Amino acid sequence: MEQAVIAALLLVGLVIGAGVGASYARAQRGWKDYKTIRTTVPGARRTAWMATRAVITKIGVIALLLFGAAAYAASASDHDRAGPDPTPTPTVTATPGHRAGR
């Protein structure tokens, strides 16, 4: 009887020990992963901000160019670029041997 109780207690201890050991190994792995990621976050954050800054700079340059083009188009007078005024063309009267437009 005594051997059966000892065997049962040993089996229960092994099952509980295996569960506790697996949980401990998972916790250790989690802490190791956390520490690794925590050290890489500042670099990733810096890279993300640099990429964001580059995009914002490009958008700003494009917006300024569009604003400048619109301001130039709005402020420039059309008279400076217009050609000479059209002059009326003389009308030709049709003669019996001449047809107009040919």
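For reference, positions follow the sequence shown, starting with 1. Just so it is clear, the model here is predicted, and its values are computed rather than measured.
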Measure the spacing between CZ of Arg38 and OG1 of Thr36 and express it to the nearest 0.5 Å.
-> 9.5 Å
Between the CD1 atom in Ile6 and the CG atom in Leu11, the distance rounded to the nearest 0.5 Å is 14.0 Å
If you round to the nearest 0.5 Å, how far is CG of Leu14 from CG of Leu9?
-> 11.0 Å
Per side chain to side chain contact (heavy atoms under 4.5 Å, CB included), Val55 is matched among Ile59, Thr52, Thr57 by Ile59
Arg53 vs Met50 side-chain heavy atoms within contact, under 4.5 Å = yes
Is it the case that one hydrophobic cluster holds both Val20 and Val12, taking links as side-chain heavy atoms less than 4.5 Å apart, direct or via other members?
-> yes
